[in-house]
J.: 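Below are the structure tokens for one structure; questions will follow.
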Number of protein chains: 2
Amino acid sequence: MRRVSESAVRRLSLYLRFLEEFEAKGIETVSSEALAARGGTTSAQVRKDLSFFGSFGKRGLGYPVRDLARRLRDILGLKRSYRVVIVGAGKIGSALAQYRGFGQRGFHIAAVYDSDPAKVGLEWDGQVVRDVSHLERDLEREPMDIAIVSTPAGAAQEVTDRLVRAGIKAILNFAPVHLRVPPGVIVRNVNMALELEALSYALRNR
Amino acid sequence: MRRVSESAVRRLSLYLRFLEEFEAKGIETVSSEALAARGGTTSAQVRKDLSFFGSFGKRGLGYPVRDLARRLRDILGLKRSYRVVIVGAGKIGSALAQYRGFGQRGFHIAAVYDSDPAKVGLEWDGQVVRDVSHLERDLEREPMDIAIVSTPAGAAQEVTDRLVRAGIKAILNFAPVHLRVPPGVIVRNVNMALELEALSYALRNR
DNA sequence: GGATGTGAATGTCTTCACAGCT
DNA sequence: AGCTGTGAAGACATTCACATCC
């Protein structure tokens, strides 16, 4: 399989979402044009993105909604479920822990950690906040697939190092720092202050 | 000024953050190499990014930390402050409303709206949740610079249309839908489920 | 007829490599 | 000598346009 770009993968996720909506409406076939309109891109882009992985459509007709959705779930690795650990039970961590959107996609928040004794033991939505000092011990017994780092900036690298040592291969980082990880560990960053600054830049340079 | 890429702007924000750290440590000069190491990029990239806006460094020496930080703040439009309105007081909206990181950068959450009568009137951190039906009326009296849309997917487009009609020019969208806006209005999307799916893809195709 | 699949062309971003200052 | 600033090269991503197939 050819290497496919970051942004192409994001678009695939979007397409999948739209396909699921179409499926719910009972629509059986969809054109690249229709997917594009929904996702703010072009039909050529849609076709190119999909063509990386095979040819799923019928010429003159379009793509079969149900099949394509299934294929995309497969491509994106969404046929299985994932156990997700959140480290950092601050504002963002707690919002994420309680966010419904993840579960629907097979991402199950299986544990939440914090270092603050005032937070440890609190229960959120059936989820007891655990003491981060037990992180390694717990991960050995209950392996996790993905970690979300939502600690303050200062703690993020140390937490990351511990997660990596405990075998975590994928990290979603909300702390506003660049995490150093060994090869083979994937990090994606979400930095909300950065997004606002990009808006600020755009507003200023309209 | 030449058009500069999305990703370059993001990097500028990162550089600014590092420069501020260096400044706090009393470091006066920094090389592109040092900035690159900190931000997970290359020195050539740093120099190229900065060169879009001028030449701020001294050859053989590096960049003056304080001056460059000031210039970046200027370039990014961070010398002023921004009034931010949040629409949607769910999990994410409330986390954002209470998140400290924004204020430090001059983004002040000036109002929070929701349509749920059970949430309207609640006070968070000095912020009373207002009824979204008053959105237009309020925005006329208290203009806002940036809107954060953190409603459920179904409400996002309608809320966006109302915000745009009320004169909002920049939107940070957390709802998992593509927002249609007229030209001149800037939208940036943060989709956390999408990020997890990108990790899922990466894990599967390691 | 109509929409896909895809090489080729175009456009954009990143990396290279070195001349030019300090 | 050291590090910036920057054209040129290279890599990558998007768009075009059309042959291909249902």
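Lettering of chains follows the sequences in order, A, B, ..., and the numbering in each one begins at 1.
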J.: Can you see whether B:Glu195 engages B:Asn191 through a side-chain donor-acceptor pair at a distance of less than 3.5 angstrom?
T.: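 Checked: B:Glu195/B:Asn191 side chains show no N/O donor-acceptor pair below 3.5 Å.
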
J.: Please state how far atom CG in A:Asp49 lies from atom C1' in D:dT14, giving the value in whole angstrom units.
T.: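 Checked: the CG to C1' distance equals 10 Å.
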
J.: Categorize A:Thr41 for me: base, sugar-phosphate, or nothing, with a 4.0 angstrom heavy-atom threshold over every strand shown.
T.: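 Nothing, no heavy atom under 4.0 Å.
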
J.: Can you measure B:Arg10 atom CZ to C:dT12 atom C1' for me and round it to whole angstrom units?
T.: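 Interatomic distance, CZ of B:Arg10 to C1' of C:dT12: 17 Å.
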
J.: What is the separation between atom CG on A:Leu50 and atom P on C:dA3, rounded to the nearest whole Å?
T.: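 Roughly 16 Å, once rounded to whole Å.
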
J.: Counting side-chain heavy atoms from C-beta on, which of D:dA19, C:dC13, C:dC21 comes nearest to B:Arg59?
T.: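 Selected nucleotide (nearest to the side chain): C:dC21.
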
J.: Whether B:Ser55 contacts D:dT4 is assessed here as follows: a side-chain N or O lying under 4.0 Å from the phosphate OP1 or OP2. Is that the case?
T.: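 Looking at the OP1 and OP2 atoms of D:dT4, neither is under 4.0 Å from any side-chain N or O of B:Ser55.
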
J.: Does C:dT4 have OP1 or OP2 sitting under 4.0 Å from an N or O in the side chain of A:Ser32?
T.: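 Answer is yes, contact under 4.0 Å.
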
J.: On DNA chain D, check which nucleotide each of A:Lys58 and B:Glu33 is closest to and give me the residue with the more 5' one.
T.: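 With A:Lys58 and B:Glu33 compared, the 5'-side residue is B:Glu33.
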
J.: What integer distance in Å separates B:Phe53:CZ from D:dG5:C1'?
T.: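 Checked: the CZ to C1' distance equals 15 Å.
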
J.: What is the distance from CZ of B:Phe56 to P of C:dT22, rounded to the nearest Å?
T.: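 So the CZ-P distance, B:Phe56 to C:dT22, works out to 16 Å.
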
J.: Given D:dA17, D:dT6, D:dT14, which nucleotide is nearest the side-chain atoms of A:Arg47?
T.: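 So the side chain of A:Arg47 is nearest to D:dA17.
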
J.: Would you say a side-chain N or O of B:Tyr63 is under 4.0 Å from OP1 or OP2 of C:dT22?
T.: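 Looking at the OP1 and OP2 atoms of C:dT22, neither is under 4.0 Å from any side-chain N or O of B:Tyr63.
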
J.: Would you say the side chains of B:Tyr63 and B:Ser32 form a donor-acceptor pair under 3.5 Å?
T.: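 Checked: B:Tyr63/B:Ser32 side chains show no N/O donor-acceptor pair below 3.5 Å.
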
J.: Send over the distance from B:Gln45 CD to D:dA11 C1', rounded to a whole Å.
T.: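 Answer to the nearest Å: 13 Å.
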
J.: Consider the side chain of B:Ala44, meaning its heavy atoms from C-beta on, and name the nucleotide among C:dT4, D:dA13, C:dA17 that approaches it most closely.
T.: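 That would be C:dA17.
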
J.: Please determine whether a side-chain nitrogen of the Lys or Arg among B:Glu197 and A:Arg17 lies less than 4.0 Å from a carboxylate oxygen of the Asp or Glu.
T.: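 Salt bridge flag = yes for A:Arg17 with B:Glu197.
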
J.: Does A:Gly60 or A:Ala8 map to a spot on DNA chain D nearer the 5' end, using the closest nucleotide for each?
T.: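 So the residue in question is A:Ala8.
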
J.: When you measure from the side chain of A:Ser51, which nucleotide among C:dT6, C:dT4, D:dG5 comes out closest?
T.: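 It is C:dT6.
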
J.: Can you see if the side chain of B:Thr42 gets near the phosphate of C:dT15 - specifically, an N or O under 4.0 Å from OP1 or OP2?
T.: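 Answer yes for this pair, as a side-chain N or O of B:Thr42 is under 4.0 Å from OP1 or OP2.
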
J.: Mind jotting down which residue pairs meet the salt bridge (charged side-chain N to carboxylate O under 4.0 Å, His left out) criterion with at least one end in residues 166-177 of chain B? Sequence neighbours excluded, please.
T.: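 Counting only pairs at least two positions apart or across chains, no salt bridge (charged side-chain N to carboxylate O under 4.0 Å, His left out) contact touches residues 166-177 of chain B.
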
J.: Send over the distance from B:Leu68 CG to D:dC3 P, rounded to a whole Å.
T.: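 From B:Leu68 CG to D:dC3 P: 17 Å.
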
J.: Is the gap between the ring centers of B:Tyr15 and B:Phe18 under 6.0 Å?
T.: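 No, the ring centres sit 6.0 Å or more apart.
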
J.: What is the distance, to the nearest angstrom, from the NZ atom on B:Lys48 to the P atom on D:dA8?
T.: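 To the nearest whole Å, that distance equals 11 Å.
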
